[in-house]
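Here the structure is laid out as structure tokens; the discussion comes afterwards.
In the text below, chain A, chain B and the rest are named by the order of the sequence lines, each starting its count at 1.
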Amino acid sequence: MKEDMPDINPKLLSPYNPKETEDRIYKLWEESGFFNPDTCIEKGITKADAEPFSIVLPPPNVTGTLHIGHASMLVIEDIMVRFARMQGKRTLWIPGTDHAAIATQSKVEKIIEKEEGKRKSDLGREEFLKRVEKFAQESHDTIVSQIKKMGASIDWSREAFTLDEKRSLAVRTAFKQMYDDGLIYRGHRIVNWDPKGQTVISDDEIVYKEEKTKFYYLKYGPFTIGTARPETKFGDKYVVMHPDDARYSKYKHGDKLIVEWINGPIDATIIKDESIDMEFGTGVMTITPWHSAIDFEIAERHNLDKEQIIDKYGKLLPIAGDFAGMKIKDARAKIIERLEEKGLVEKTEDYTHNIATAERTEAVIEPQIMNQWFINVNKPIPARNNKTLKELMLDPVSNEQIDILPENFKKVYFNWVENLRDWCISRQIWYGHRIPVWYKNEEIYCGIEAPKEAGWIQDEDTLDTWFSSGLWTFSTLGWPEQTKDLADYHPTTILETGYDIIFFWVARMILMSQYLLGEIPFKTVYLHGLVRDAQGRKMSKSLGNIIDPLDVSAKYGADAVRMSLVIGTGPGNDSKMSEDKIKAYKNYANKLWNITRFVLSSTENIEYDEKFDSWTDKDRALIEERNSIMKTITKEMEEYKFYLVGDKIYQYTWARFADVIIEESKPILQGDNTEDKNSRAQFLLETLREIITVLHPFMPFVTEEIWSMLPIKNKNLLMVTPWPIDNKNA
RNA sequence: GCGCGGUUAGCUCAGUUGGUAGAGCGUCCCCUUGACGUGGGGAAGGCCGGGGGUUCAAAUCCCUCACCGCGCACCA
């Protein structure tokens, strides 16, 4: 039966085969050079003065492989980028990876411990770093090939890494400028210490977990104090209450008394402070300034002594007397035993509270007072109209220089910035940007390069990974050098990223760009959600519900995976993923294939005329209908409503074009009326062409493949073919 | 505690400025040898979370309650 169609591309005779197609097409794109806007200009595809469209890829961590969430991000961004390119914009998408300091280091530590039974201290800093770098390189290579598989039309010639030479220079330059402006300082402050990771972490790297524990009421002289942490109480010599608390009015601020305590009598001092909640417990507490942020603040206010009770490894110090050297967990019960013996335990209750744990190591955070590096977010900056970093972060969002989609995240953003405390940027890990500060005797030197004279020793610490990520929109464009790229493409057009890193990353990019460049890093922030499984659960190894983007792409084609990741995924919302959904879009790719076969075979003896004008009334009506849909689609593309567009094209192709229009066309094409026949044939060809064109950002592989088979004269690759609708000049 | 979402067909979700409820998957029936069974036609199935209000008209706007989810802050 197929002999009747001798001129049809033989590929069309069998079902669409993504496996055979995708790698070949990607290679075609890469070889064309069109991922690079400079090439597009050189070859006359894009005008040199065209409107720029630029976007940076949120650099995946070099901790392993990409997951479905990365795939979703790649797809949304690739749709933006392909659409912009087809609209004739000077389109730049910059790829890169993130060294992810603490995440990568702890991953490699785990591997080395598992495979060789060694710790990083057994290897030494230099050797350990070599191992991390090797691991990072391998991860990088995997990630790059995965990005290509998904069809990302990204400019590989501009690839960056947060820890490469150029980005390191950017980091040191930024650090030095902040240091010189007095925004970066070193000081003894209460910080979040991770006893397992042996490093400080920022407030945002903390995860609160619910814990059931005991709450003890202890006799402290004439008072009863409540605590869940008796092991910190050894040095407690201040007893604090609210100044308005009538129950304790006979005690005056500064009164001294001697109380019997864990290891004997203690000189206690009465402190009155308004931060005390009279309703909670007995309204009296003792404080441990070294190991509690709240207590630290009280101590600062009243200029009280601070004493360390717990060491870096979570063990008790000599102040604990008999308990010295014990771990917190073991000590707690023993201390209570002792207090019981002394008759100091009044009662014990069950208690549920949230404890701070480290995001990476899951260890319980122990607040400690330590000498660390901080960024001052409240200091006026003369070069920026005396605005503080906080204000520099707030301004562009409140005055709408920067749009956030969906808008409700603005509120979340404001709330976070307003409550922001100084950002602790030093980390006691090895992998990362070393702090560009050197010491010699009492002297301190901060510079972009090491001092030339001998005897200077560099600070041991590295920087929080988000410090370098904060520079990403401009460090990738060549800053601190004043490059052409920087002038052409910064501020970037849009930042597309997950809502879970709005604080970590989005806020810090705004901070860095506003401060260092005096301009916003991007005009729009598009926040995507989490990709969950069909039941709405998070994907995790333990649930066994992980969908690997590469697996499903191999099985159903990257186009099908792309469609299923976009449709039903508005900004800010989590999306759900299932193989059934992917399967449906694989069928769609095949449907397009079959439509193409029909249209090409049934119009074989008719020459496609792009300027055809003798439409029948019926076809004129169909064109009008199609144009109106295309207009809507274009408008929604411009509004970033890809989830609507994808579905609209799908519906139009299948339910309208295939099921109705093509069915109606069969008798027309087989009939005797030449005018009707010709008009309808032209309509089918033109409509197929338009469908394939507007679908290209969503399903680039199958559309590019079909495009290559359409009877169009002088055509270029579909990826650089102009978008068919221009709403502005319509 | 403060804030933000969500609640629409069995499941997962759309529903643009208020105008007679939609899709995918699933279920049931039927059809089909020239584009496609990865198909076609049809059907069942929804007081659009509860209550109240505005309006000629509300899934859509306002108020309120309930439940689910998330973020931030956390009390010793």
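Annotation: cation-pi pair A/R508/A/W423 present, NZ/CZ under 6.0 Å from the ring centroid and within 45° of its normal.
Judged by distance alone with a 3.5 Å cut-off, no donor-acceptor contact links the side chain of A/Q651 to the base of B/A14. Counting atom types as modelled, A/K591 pairs a side-chain N or O with a base atom of B/C36 as donor and acceptor under 3.5 Å.
Distances shown here put a side-chain N or O of A/K411 below 4.0 Å from the OP1 or OP2 atom of B/C4. Proximity of A/Y643 to the phosphate of B/G15: a side-chain N or O atom is located under 4.0 Å from OP1 or OP2. OP1 or OP2 of B/U38 has not a single side-chain nitrogen or oxygen of A/W593 nearer than 4.0 Å. The phosphate of B/A35 (OP1 or OP2) has a side-chain N or O of A/K666 nearer than 4.0 angstrom.
Counting non-hydrogen atoms under 4.0 angstrom, A/D277 reaches a base of the nucleic acid.
Side-chain contact between A/F642 and A/E636 is absent, with no heavy atoms from C-beta onward closer than 4.5 Å.
Positionally, the nearest nucleotide of RNA chain B for A/P15 lies more toward the 5' end than for the other of A/I294 and A/P15. In this structure, A/A658 and A/N590 both approach RNA chain B, and ranking their closest nucleotides by distance from the 5' end singles out A/A658.
Ranking B/C72, B/A35, B/U16 by closeness to the A/E636 side chain, first place goes to B/U16.
A/Y220 places a side-chain N or O within 3.5 Å of a backbone atom of A/D236 that can act as its donor or acceptor partner.
Rounded to whole Å, the P atom of B/U55 lies 31 Å from the corresponding atom of B/A14. Only the P atoms considered, B/G51 is 23 Å distant from B/U12, to the nearest whole Å.
A salt bridge between A/R301 and A/D273 is present, with a side-chain N of the basic residue lying under 4.0 Å from a carboxylate O of the acidic one.
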